[in-house]
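Structure record follows, encoded as C-alpha cells.
Note on naming: letters A, B, ... go to the chains in the order of the sequence lines (proteins, then strands), and numbering restarts at 1 for each one.
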Amino acid sequence: MNEKRKSSSKVRVRFAPSPTGFLHIGSARTALFNWLYARKNNGKFIIRIEDTDIARHQEDTISLMLNSLKWLGLNWDEGPDAGGRYSPYRQSARVDIYKEYTKKLIRERKAYHCFCSPEELKDKREKALKDNKFYKYDRKCLNLSAGEIKKNIDLGKKYAVRLLVPDNKTITFADNVYGTITVNSSNIEDFIIIRSNGLPTYNFSVAIDDALMEISNIIRGEDHLSNTPKQILIYNALNFVPPDFTHLPMILGSDGQKLSKRHGSISIESYREEGFLPQAILNYLALLGWAYDEKTTIFSASELVDKFSLDSITKKPAKFDYSKLLWINGHYIRDTEDKKLKEVIKKRVLQNILSKNKLEKIPAGHEIVEGLDEKIIKIVPLVKERIKTLSECDKLIGPFFVKVEYDAEIKNHFKDKKAFAAEVLNKTLDSLANTSKDKSNFNSSTIEHNLRQLSDQLNVSFRKIAEVVRIAMWGATISPPLFETMEIIGKEEAIKRLESYKNILAARL
RNA sequence: GGCGCAUUCGUCUAGUGGUCCAGGACAUAGCCCUCUCAAGGCUAAAACAGGGGUUCAAGUCCCCUAUGCGCUACCA
C-alpha cells in the first residue's frame, strides 16, 4: 500500500456525485469548475460514484447523470464507464479497501469499535439538544477491552467503527477561496467511519479515495467546508498528504434558500427539454461564483478553459437568476449557425409539433415530412432572434406546420372594425388572384409591395393592414415577419387562411 | 446550543488603502429603429448591512453587532 500521495505535480481532479437523482444545477457547476481546472492545466478529470448509502441509491440515475454531463460537453478521462488505472470508480466496489484501512486504524488504536445502538445515540443527542447543551459522542465504547469487544462480536452485536479524534489539536488548512480555516479538534466528535452494515461513511471513503486516486485538488461545494477538518483528521491518521482544497460558494434559489424543486427546474435534463443550449448553461454556470474581468459575460467553453482560474472564485453564495440564463440562451441561439439550429429545431418539430397534432388537423400537404429541411432552413433566420429557448420556438412556429386555430379572442379581435378587416382581406385576396399564376411571384417583396399599395389606397397605416393579414395568417397578434412567413407557407395555404378568417368575420358581421 | 463561513445596485459581479461623487451585465423604465414580437442602438433609475476603530486617506485593514448560510446523522 502506498501510504503517501506521490508528489507528482500532475493535476487530477474529480467530480464525485452520489446517485440519488438527476444531475442538478449545483452539481453541474461543481463538475464544470473541476473540468475547467483539469483542462486548463492539462490534468485529468475523473468521475467517481459515491454510492455508499444503500437506502438512497438509485442505480438508473448514474447513466442519467453521465448523460447530462456528456450533453454539457464535460468529458472525463477516468470513470466508472471509462475505466482507468485507479479503478474501480465506484465506492460500492471499493469496500474491501476501506475495510483494510479500518483494520489498520483499529490496530494502531486510532479507531475503535462502537456497539452503541443508533437509538441510544439518538436519545442522547436529542436530550442534549433539548437542554441546549453541546453534544458530542461520550466515548462510551472507547475503553472496551479486547475481551469485551470479542465477546460482543461473538454475541452477534452490531457495531460501527469510530475514528479516535485527538483532543484539543488545531486543524488548519488553506482553502483557495475561503483562506485559512482553523478548527479545534475538540469540537469534533469521534465520528463514525464504518457503519454497522460494513459500509463506510462519506468522510471516510472520500478521504481514502481522494488520496488513493492521487487527487491533487478538491473542488466542491461550500457545504463541505465543515467536513474538511474531519477528512484531514483521516488523512493524518492514515499518513496521507491532504490535497489542495477549493470550496465553491453555494447556489441558492431567488429567495436565498437552498436551491430546490420549489424554485422550478433544477435538473440539467429539464433545462435541456425546455430548449436550453449546453453552451448557454455552461456559460451561465461559470458566472455563478466566478468572473474573469469587469465586463466580459459571454465565454465559449474554450475561452472558459483559457481564462479560468481558482483565484477569481468569489465567496458569496449566488442566487440563481433564471432571466439571465434566458438572456444568455437567447444570445447563443442567435449565435448558432442556421444549419445547426435547423437540426435541433427539426427534432423538436417532429417531436413536439407534428407528433402532437392528429393527422386530420394537418392540412393537405402539411403531413408530408419530406421537404421539412428546406422549410425549416427558411424559418430559422425568421425566428432565431426572437426566441430565448427552443420551447418558445415550438410555440412561435407551430402554424408553419399545422392548421391555424383562431381562438375566441382572436375571432373577436376586430370588434367594431370588422368591416375594415373584411375589406383588407378581400382586397388582399383580389390582389393575390390577380398576380400571375406563376408561383415564383408569390414572394415576400411582392407581398409587401402589394400590401403597401393597399395601405396607400385605403389611406390606412401599414401596420393596421399588416395586423389584419397577420391575424388571418397566424391566428395571433404576434408572428414571425409576415411576408417571409407567407412566402414559406405558400400561396395556396395563405389564401386558405385569408378566406377562413374572412368567413369568421362574415359570420359575425 | 456548539463550530465554521459569508455580507457592493432587485440579481450576477468588478474593486486587493488614494485613479470609486463605485465600473459592467441581466432585469426594470423611457426614447430611436420597426409590419407584430424580438433583436439592435441610446438614455435613466439602482449598491459599499450597521456601529466603532487604524490611517493623512477605507468598499478595500481590525473589532463588535445584525442578518444569512453550512456542518453538528450509522446522508453525501
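In this structure, A:Arg334 reaches the B:G40 phosphate: one of its side-chain N or O atoms is under 4.0 Å from OP1 or OP2. Listed pair A:Lys316 / B:U7 fails the phosphate criterion, with no side-chain N or O lying under 4.0 Å from OP1 or OP2. Distances shorter than 4.0 Å separate none of the side-chain N or O atoms of A:Lys295 from OP1 or OP2 on B:A25. Dashed line: the shortest gap from a side-chain N or O of A:Thr314 to OP1 or OP2 of B:U13 is under 4.0 Å.
Base pairing annotation: B:A66 forms a Watson-Crick or G-U wobble pair with B:U7, both donor-acceptor distances under 3.5 Å. The partner of B:C74 is absent, by the rule that a Watson-Crick or G-U pair needs both atom distances under 3.5 Å. B:C21: no Watson-Crick or G-U partner with both key distances under 3.5 Å is found in any strand. Across all strands shown, B:U36 forms no Watson-Crick or G-U wobble pair with both distances under 3.5 Å. B:C42 is paired with B:G30 under the Watson-Crick or G-U wobble criterion, all donor-acceptor distances under 3.5 Å. The base-pairing partner of B:U16, taking Watson-Crick or G-U wobble contacts with both distances under 3.5 Å, does not exist among the strands shown.
Across all strands shown, A:Thr52 has heavy atoms under 4.0 Å from sugar-phosphate atoms exclusively, and none from any base. Backbone-only engagement by A:Glu50 is indicated by non-hydrogen atom pairs under 4.0 Å involving sugar-phosphate atoms exclusively. Residue A:Gly289 is classed as a sugar-phosphate contact, given heavy-atom separations below 4.0 Å to backbone atoms only. Residue contacts for A:Lys464: at a heavy-atom cut-off of 4.0 Å it reaches no nucleic acid atom on any strand shown. Among the heavy atoms of the strands lying under 4.0 Å from A:Pro118 is at least one base atom, whether or not backbone atoms are also near. Nucleic acid contact for A:Arg463: sugar-phosphate only, since backbone atoms but no base atoms lie under 4.0 Å from a heavy atom of the residue. Within 4.0 Å of A:Tyr284, counting heavy atoms only, lies no atom of the nucleic acid at all. As judged by a 4.0 angstrom heavy-atom cut-off over every strand, A:Lys388 is placed among residues touching the sugar-phosphate backbone only. A:Pro481 comes within contact range of at least one nucleobase, with a heavy-atom separation under 4.0 Å. Counting any heavy atom pair closer than 4.0 Å across all strands shown, A:Glu392 reaches no nucleic acid atom. Note on A:Ile192: a base of the nucleic acid sits closer than 4.0 angstrom, heavy atoms only. Contacts of A:Thr297 with the nucleic acid, taken as non-hydrogen atoms under 4.0 Å apart, involve only primed sugar atoms and P, OP1 or OP2. Within 4.0 Å (heavy atoms only), A:Thr182 reaches sugar-phosphate atoms of the nucleic acid but no base atom.
Nearest-nucleotide mapping onto RNA chain B: of A:Ala466 and A:Ala318, the residue sitting toward the 5' end is A:Ala318. Between A:Asn184 and A:Tyr292, the residue anchored nearer the 5' end of RNA chain B, judged by the nucleotide with its closest heavy atom, is A:Asn184.
Residues A:Asn283 and A:Tyr332 approach most closely at OD1-OH, 2.6 Å, considering heavy atoms. Across A:Phe204 and A:Ile234, no two heavy atoms sit closer than the pair CA-CD1, 3.6 Å.
A donor N or O paired with an acceptor N or O is found under 3.5 Å between the base of B:A76 and the side-chain atoms of A:Asn227. You'll find a donor-acceptor pair under 3.5 Å spanning the side chain of A:Ser196 and the base of B:C74, going by distance alone. With hydrogens and angles ignored, a donor-acceptor pair under 3.5 angstrom links the side chain of A:Lys324 to the base of B:A25.
Comparing B:U36, B:A14, B:U72 by their nearest atom to the side chain of A:Arg470 picks out B:U36. Taking every side-chain heavy atom of A:Glu294 into account, B:A14 is the closest of B:C5, B:A14, B:A27. For A:Ile478, the side-chain atoms get nearest to B:U36 when compared with the rest of B:U36, B:A73, B:A14. Here the side chain of A:Phe134 is nearest to one of B:G2, B:C35, B:G68, namely B:G2.
Residue A:Ile328 contributes atom CD1, which lies 14 Å from atom P of B:A39 at whole-angstrom precision. Straight-line distance from the CZ atom of A:Arg125 to the C1' atom of B:A73: 6 Å, rounded to whole Å. Atom CG of A:Leu482 and atom P of B:U36 are 10 Å apart (whole Å). When rounded to the nearest whole Å, the span between NE2 of A:His247 and C1' of B:A76 equals 13 Å. Taking atom CD of residue A:Glu385 and atom C1' of nucleotide B:A38, one finds them 7 Å apart after rounding to whole Å. Separating the CZ atom of A:Phe245 from the C1' atom of B:C5 is a distance of 16 Å, rounded to the nearest angstrom. If you take CG of A:Asn203 and C1' of B:G70, they are 14 Å apart, rounded to a whole angstrom. Separating the CZ atom of A:Arg386 from the C1' atom of B:G40 is a distance of 12 Å, rounded to the nearest angstrom.
Between the side chains of A:His224 and A:Gln231, not a single donor N or O lies within less than 3.5 Å of an accepting N or O. A:Asp394 and A:Ser391 are not linked by any side-chain donor-acceptor pair at a separation below 3.5 angstrom, with hydrogens and angles left out of the test.
At a threshold of 4.0 Å, the pair A:Arg48-A:Asp210 counts as salt-bridged, since one of the basic side-chain nitrogens sits closer than that to a carboxylate oxygen. Salt bridge present: A:Lys140 and A:Glu120 bring a charged side-chain N and a carboxylate O closer than 4.0 Å. Under 4.0 Å is where a charged nitrogen must lie from a carboxylate oxygen, and between A:Arg452 and A:Glu448 at least one such pair does.
Judged by distance alone, with hydrogens and angles left aside, the side-chain atoms of A:Ser186 form a donor-acceptor pair with the main-chain N or O of A:Asn168 at under 3.5 Å.
For B:G52 and B:U60, the P atoms lie 14 Å apart once the distance is rounded to whole Å. To the nearest whole angstrom, the two C1' atoms, one in B:C32 and one in B:C48, are 35 Å apart. B:A44 sits 14 Å from B:C9 when the C1' atoms are compared, rounded to a whole Å.
Side-chain contact between A:Asn329 and A:Tyr271 is absent, with no heavy atoms from C-beta onward closer than 4.5 Å.
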